[in-house]
Amino acid sequence: MITTRFAPSPTGYLHIGGLRTSLFSWLWARKNEGQFLLRIEDTDLARNSEDAVAAILKAFDWVGMSYDGEALFQSKRFDVYAKYIEQLLEEGKAYKCYMSKDELTALREEQMAKGERTRYDGRYRDFTGTPPEGVEPVIRIKAPQEGMITFNDGVKGEINIAASEVDDFVIARAGGVPTYNFVVAIDDAQMGLTDVIRGDDHLYNTPKQLVVYEALGFKIPNFYHVAMINNEQGKKLSKRDGATDVMEYKTLGYLPEALLNFLVRLGWSHGDQEIFSVEEMIELFDPKDINKSSSNYNLDKLLWLNAHYIKNMEHDKLAELLVEYGVDIRTHEKKDLILNATKERGKTLVELASQINLILNAPTEYNAKNFKKAFKEDTPEILNTFMNLLKEAELNEVADYHKVMEAVVEQKEIGFGKIGMPLRVVLLGSMTGSGLDEIMAILGVDETIKRINRAIELINA
RNA sequence: GGCCCCUUCGUCUAACGGUUAGGAUCCAUGGUUUUCAUCCAUGUUACAGGAGUUCGAAUCUCCUAGGGGUCACCA
């Protein structure tokens with residue numbers, strides 16, 4: 001049984017990097033028919049908010065990732081942590097430290113000046129005297145003082161960190177509120193985690209948590225530390241580099257399947273395969289294939305994937321999704337025609353919506369430059385001929401509209417561009433866009449003729 | 001600065017000591033298309049540098065350089 005988790009601290013939206021590590025965790029649990037748990041790390045601090053929790057859950061919901069059971073809130077488990085603190089104190093594995101914050105700062109500055117690693121010096125580790133007055137103590141855990149702390153990371157291999165690098169860190173603040181590394185170890189153990197997949201930035205927390213595991217006699221899970229996602233320049237990802245909030249991708253018109261496909265290939269691969277459905281990801285994912293090195297963020301591929309998924313999506317579903325982007329063709333009788341004509345031209349749902357609107361809404365004004373480019377002396381005459389033939393033609397399918405255009409070309413002995421260009425400008429107000437026959441088939445004869453006549457009126461005026 | 005980790009086309013990546021170093025994206029060119037897009041084809045571009053080990057190194061070792069992470073009574 002594999003149990004994994006995602007443990008965000010609710011201080012803001014779900015970050016794209018957080019989504020990737022949770023995706024890895026989720027896939028690994030699902031692949032093994034295990035459990036994917038959610039834990040909210042809200043050990044105090046005014047920074048936490050319920051809105052942030054809701055935002056994270058909303059993002060999970062959007063991409064279709066679900067967690068098992070109830071979300072665990074650390075803020076509701078202070079009594080559990082307090083009990084363990086008490087236990088460690090009794091067993092002599094932790095102790096009260098009366099060093100004031102000022103003293104600690106002074107120590108740190110001194111160490112810094114000497115170019116040493118800043119660390120607590122253990123002055124109260126074996127203290128038996130009378131504690132100084134007016135200082136509310138913190139609780140520190142006894143970390144090993146010599147030797148190595150070693151663990152096997154599923155991504156990076158064996159990690160050795162000298163015990164001298166890990167000091168007797170605080171497990172409970174003055175006032176008794178427990179600290180991060182302490183509660184994480186307890187919760188991970190009690191939740192039955194077998195595999196902890198998390199960001200590289202937690203690598204240094206691992207030896208500290210190991211100290212807690214050791215002191216409390218908990219079973220140690222497998223750790224996987226996934227390298228960070230950087231921007232294209234290899235620097236830390238910031239808002240300047242594009243969207244970092246997962247939900248922003250929805251706003252921009254990306255499909256969750258494209259985003260997940262994009263993220264799963266950032267730091268993980270399965271041979272040469274690029275396209276992964278969620279089912280395939282679950283089937284093929286294995287943390288042993290996670291890369292050691294960090295990857296840089298570049299949206300080109302996401303856009304390509306998004307276009308791919310739009311092109312291959314069922315029309316009913318696509319129509320459903322488009323509603324949020326201001327286009328409702330769910331019950332449109334020519335829904336398939338519309339989507340066939342436009343879906344290869346929109347790389348995002350936003351673009352697709354605008355392509356559809358371009359056809360469905362008659363142009364309200366014409367760009368003079370386009371008019372000038374497309375309209376020549378003989379254009380009105382050609383368009384009139386076209387309209388006449390159109391009225392008489394039997395129009396059952398898209399190709400029939402094309403035949404009418406061909407007839408005009410033949411009759412007038414002109415090139416296709418002589419009718420195509422002006423027709424496009426007249427119908428769409430644009431020089432580019434979907435196939436003319438498709439556009440006209442969507443509009444129907446009446447609307448097509450209406451738009452042509454209106455444009456001719458305008459040019460005569 | 002100490003410690004830890006990382007380094008293959010611009011970007012994402014493949015390669016379990018022996019390959020003309022592969023794929024994808026991007027870009028360029030050509031084809032298809034009334035336009036644009038799609039689609040198809042072709043092309044440019046990479047083993048950070050240096051020493052070893054080996055018949056043979058992108059793969060193993062060491063050094064150098066560069067990048068990242070981390071050093072809280074934050075999480």
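The sequence lines fix the lettering, A, B, ..., with proteins before strands; numbering per chain opens at 1.
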So what does Ile159(A) hit on the nucleic acid, given a heavy-atom distance under 4.0 Å: a base, only sugar-phosphate, or nothing? sugar-phosphate

From CG of Leu303(A) over to C1' of U38(B), roughly how many Å is that when rounded to an integer? 14 Å

Out of U35(B), A75(B), G68(B), which nucleotide sits closest to the side chain of Thr179(A)? A75(B)

Who pairs with Asp121(A) by salt bridge (charged side-chain N to carboxylate O under 4.0 Å, His left out), at least two apart in sequence or on another chain? Arg123(A)

Look at the side chain of His402(A) and decide which nucleotide, out of U38(B), U34(B), A75(B), has an atom nearest to it. U34(B)

Expressed as a whole number of angstroms, how long is the span from Ile275(A):CD1 to U25(B):C1'? 11 Å

The residue, Pro8(A) or Gly234(A), whose nearest nucleotide of RNA chain B is more 5′ is Gly234(A)

Separation of C4(B) P from Asn160(A) CG (nearest whole Å): 9 Å

Going by the angle between their ring planes, with limits at 30° and 60°, are Trp268(A) and Phe285(A) parallel, tilted or perpendicular? tilted

Hey, could you give me the CD/CG distance between Glu103(A) and Leu107(A), rounded to the nearest 0.5 Å? 9.5 Å

Step by step, work out the side chain to side chain donor-acceptor pair (under 3.5 Å) result for Glu351(A) and Tyr325(A). CA-CA 9 Å; Glu351(A) 285 178 16; Tyr325(A) 297 87; over 6 Å; no

I'd like the P distance from G43(B) over to U25(B), given in whole Å. 15 Å

Ignoring backbone atoms, test whether His202(A) places a side-chain nitrogen or oxygen under 4.0 Å from the OP1 or OP2 oxygen of G69(B). no

May I have the distance from Leu302(A) (atom CG) to C26(B) (atom P), rounded to whole angstrom? 12 Å

Can a donor-acceptor pair be found, under 3.5 Å and without considering hydrogens, that links the side chain of Arg345(A) to the backbone of Gly433(A)? yes

Report which part of the nucleic acid Ala227(A) touches: base, sugar-phosphate, or nothing (heavy-atom distance under 4.0 Å, all strands). nothing

Just how far, in rounded Å, is P of A37(B) from CD of Glu438(A)? 15 Å

Under 3.5 Å, is there an N or O donor on one side and an acceptor on the other linking the side chain of Arg345(A) and the base of C36(B)? yes

Assign Leu436(A) to base, sugar-phosphate, or nothing according to its heavy-atom contacts below 4.0 angstrom with the strands shown. base

Looking at every strand, decide which applies to Lys343(A) at a 4.0 Å heavy-atom threshold: base, sugar-phosphate, or nothing. nothing

Leu305(A) side, atom CG; Ile275(A) side, atom CD1 - distance, nearest 0.5 Å: 5.0 Å

Would Arg140(A) pass as a cation-pi partner of Tyr95(A), given that its NZ or CZ must be under 6.0 Å from the six-membered ring centre and within 45 degrees of the axis? no

Do any side-chain nitrogens or oxygens of Lys311(A) fall under 4.0 Å of OP1 or OP2 in C39(B)? yes

Between U8(B) and G68(B), how far apart are the two P atoms, rounded to whole Å? 14 Å

Please classify the nucleic acid contact of Gly435(A) as base, sugar-phosphate, or nothing, using heavy-atom distances under 4.0 Å. base

Rounding to the closest angstrom, what is the interatomic distance between U42(B) and U32(B) at atom C1'? 15 Å

G56(B) pairs with which nucleotide, Watson-Crick or G-U wobble, both distances below 3.5 Å? none

Would you mind pulling out the nucleotide paired to U45(B), Watson-Crick or G-U wobble, both distances under 3.5 Å? none

Rounded distance (Å) that lies between atom P of C3(B) and atom CZ of Arg117(A): 11 Å

Paired with C26(B): which nucleotide, if any, by Watson-Crick or G-U wobble criteria at under 3.5 Å for both distances? none

When we call it a touch if two heavy atoms are under 4.0 Å apart, what does Val170(A) touch: a base, just sugar-phosphate, or nothing? sugar-phosphate

Taking the same atom, P, in G18(B) and in U70(B), what whole-Å distance lies between them? 37 Å

Does the pair Tyr297(A) and Phe262(A) meet the rule for a side-chain contact (heavy atoms from CB on, under 4.5 Å), with working shown? CA-CA 10 Å; Tyr297(A) 200 67; Phe262(A) 173 69; 3.4 Å; yes

Touch check for Ser430(A), heavy atoms < 4.0 angstrom, all strands: base, sugar-phosphate only, or nothing? nothing

Take nucleotides 7-17 of chain B nucleotide by nucleotide from the 5' end and write B, S or -, depending on whether a protein heavy atom sits under 4.0 Å from the base, only from the sugar-phosphate, or from neither. S--BSBSS---

Looking at U38(B), I'd like to know if its phosphate oxygens (OP1 or OP2) sit under 4.0 Å from a side-chain N or O belonging to Lys347(A). yes

Please classify the nucleic acid contact of His225(A) as base, sugar-phosphate, or nothing, using heavy-atom distances under 4.0 Å. nothing

For U35(B), take OP1 and OP2 only and decide whether either is under 4.0 Å from a side-chain N or O of Ser434(A). no

Asp187(A) and Tyr81(A) side chains, donor-acceptor separation under 3.5 Å: yes

Could you work out, with ring-ring contact (aromatic ring centres under 6.0 Å, His included) as the rule, every residue matching Phe127(A), not counting sequence neighbours? Tyr124(A)

Taking any strand in view, what nucleotide pairs with U20(B) in a Watson-Crick or G-U wobble way, both distances under 3.5 Å? none

Has the side chain of Asp42(A) got a donor or acceptor atom sitting under 3.5 Å from an opposite partner on the base of A75(B)? no

G49(B) and A57(B): how far apart are their P atoms, nearest whole angstrom? 15 Å

Taking C12(B) as the reference, what is the distance to A37(B) when you measure between their P atoms (whole Å, please)? 27 Å

So which nucleotide does U7(B) pair with, by the Watson-Crick or G-U wobble rule with both distances under 3.5 Å? A65(B)

Can you tell me how far P in G23(B) sits from the matching atom in A65(B), rounded to whole Å? 36 Å

Please state how far atom CG in Asp437(A) lies from atom P in U34(B), giving the value in whole angstrom units. 9 Å

Considering only the P atoms, how many Å lie between U59(B) and C9(B), rounded to the nearest integer? 14 Å

Name the closest nucleotide to the Glu344(A) side chain, picking from U38(B), C73(B), A75(B). U38(B)

To the nearest angstrom, how far is Lys156(A) atom NZ from U70(B) atom C1'? 12 Å

Identify whether any heavy atom of Asp153(A) sits under 4.0 Å from a base atom; if not, whether one sits that close to sugar-phosphate; answer base, sugar-phosphate or nothing. nothing

Residue whose closest nucleotide on RNA chain B lies nearer the 5' end, Arg108(A) versus Tyr204(A): Tyr204(A)

Crowded around Lys83(A) NZ? As in, over 12 foreign heavy atoms under 6.0 Å? no

Once you apply the 3.5 Å cut-off to both distances, tell me the Watson-Crick or G-U wobble partner of U70(B), or none. G2(B)

